[in-house]
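Each remark here refers to the structure printed beneath this line.
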Amino acid sequence: MSADRIYLRISRKMLAFDVCAAPFGNAFFFSWWRRELPASNGLGCLATLFALGGAGWLLRFAMRTRAAAEVPLTLLQVAIVGTLLFLLALWLIGIFIRRGYIFSEDGVLNLPLIGPLYAFLFQPPTFYKLDTIDMYQRAVHAAVLEVVDGTMSAKGLRALSADARIPRLGGPLGS
């Protein structure tokens, strides 16, 4: 509640709310903004490098085995085997990430191509996930309204109208 417009960030996993209360002219305003936080992709990049390295090593092993048997692989066979090995490596890494053995899910989810594929395979939208996000958003909204109501009653101002208490997507509270 300073004139510097300092925002308080309330976050849970990749969902955050930036809350602000500051004087404006001879009045006062409150705002809160819902954000989806970008994840750190350092660990996700490392997981992808491990998957690529593992697939490359397995492909090299298969090519050497076939060459030793004097039956070389064709380009199409190399592409198919390489793709399958890469997907297998990603699947195994995905299972390990999902179970919490290695890396961070947030890092993997932020990768450009791997993130959506990982989310589709290992994190499909569920009612539980949506309900958890909704409950978190309602809890933050209730906390913000409690502070707004307390501040307004302490200053002798009338309470917010019912319409002003409804959160707006991406917009400030009461705007």
Side-chain angles (χ1 to χ4, degrees), residues 1-52 87 89-175:
M1 292 192 185
S2 74
D4 296 332
R5 287 196 172 176
I6 298 171
Y7 285 80
L8 169 67
R9 174 158 286 171
I10 304 165
S11 61
R12 180 183 181 276
K13 295 190 176 184
M14 295 177 76
L15 184 64
F17 295 94
D18 293 327
V19 181
C20 180
F24 184 75
N26 62 355
F28 207 78
F29 82 95
F30 295 89
S31 69
W32 73 311
W33 299 84
R34 178 178 176 219
R35 301 276 185 247
E36 301 231 358
L37 299 175
S40 159
N41 45 340
L43 294 176
C45 287
L46 189 60
T48 304
L49 287 175
F50 276 132
L52 287 172
L87 290 175
L90 282 180
W91 182 263
L92 291 173
I93 288 174
I95 289 171
F96 290 148
I97 291 170
R98 186 72 180 142
R99 292 185 179 168
Y101 299 145
I102 57 172
F103 308 122
S104 162
E105 271 191 316
D106 293 343
V108 175
L109 288 168
N110 201 40
L111 290 172
L113 297 173
I114 305 300
L117 177 64
Y118 177 86
F120 176 76
L121 294 173
F122 297 101
Q123 274 198 337
T126 62
F127 289 133
Y128 174 76
K129 185 176 181 180
L130 296 174
D131 286 343
T132 303
I133 290 170
D134 184 55
M135 287 185 287
Y136 177 64
Q137 184 167 338
R138 287 174 192 257
V140 171
H141 181 67
V144 169
L145 286 178
E146 186 178 327
V147 170
V148 169
D149 290 342
T151 303
M152 293 183 81
S153 69
K155 301 244 181 218
L157 302 172
R158 62 188 161 103
L160 292 176
S161 68
D163 186 48
R165 297 175 77 79
I166 298 171
R168 312 252 184 326
L169 286 177
L173 176 68
S175 66

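Throughout, numbering of the chain's residues begins at 1 and tracks the sequence.
Distance check: Q137 CD to F17 CZ gives 4.0 Å after rounding to the nearest 0.5 Å. Atoms CH2 and CZ, on W33 and R9 in that order, are 13.0 Å from each other to the nearest 0.5 Å. Atoms CD1 and CG, from I10 and D18 in turn, are 9.0 Å apart once rounded to the nearest 0.5 Å. Atom CG of D134 sits about 11.5 Å away from atom NE2 of H141, to the nearest 0.5 Å. Remark: T132 OG1 to F127 CZ distance equals 13.0 Å, nearest 0.5 Å.
With sequence neighbours excluded, the residues forming a ring-ring contact (aromatic ring centres under 6.0 Å, His included) with F122 are W91, Y118, listed by chain and number. With sequence neighbours left out, the side chain to side chain contact (heavy atoms under 4.5 Å, CB included) criterion links F120 to no other residue. Take D131 and apply the side-chain hydrogen bond (donor to acceptor under 3.5 Å, both in side chains) test, not counting sequence neighbours, and it matches no residue.
Not one N or O on the side chain of Y136 forms a donor-acceptor pair closer than 3.5 Å with the backbone of A16.
Among residues at least two apart or in separate chains, there is no salt bridge (charged side-chain N to carboxylate O under 4.0 Å, His left out) pair with a member in residues 108-129. Among pairs with a residue in residues 139-153, those fulfilling salt bridge (charged side-chain N to carboxylate O under 4.0 Å, His left out) read D149-R165, at least two apart in sequence or across chains.
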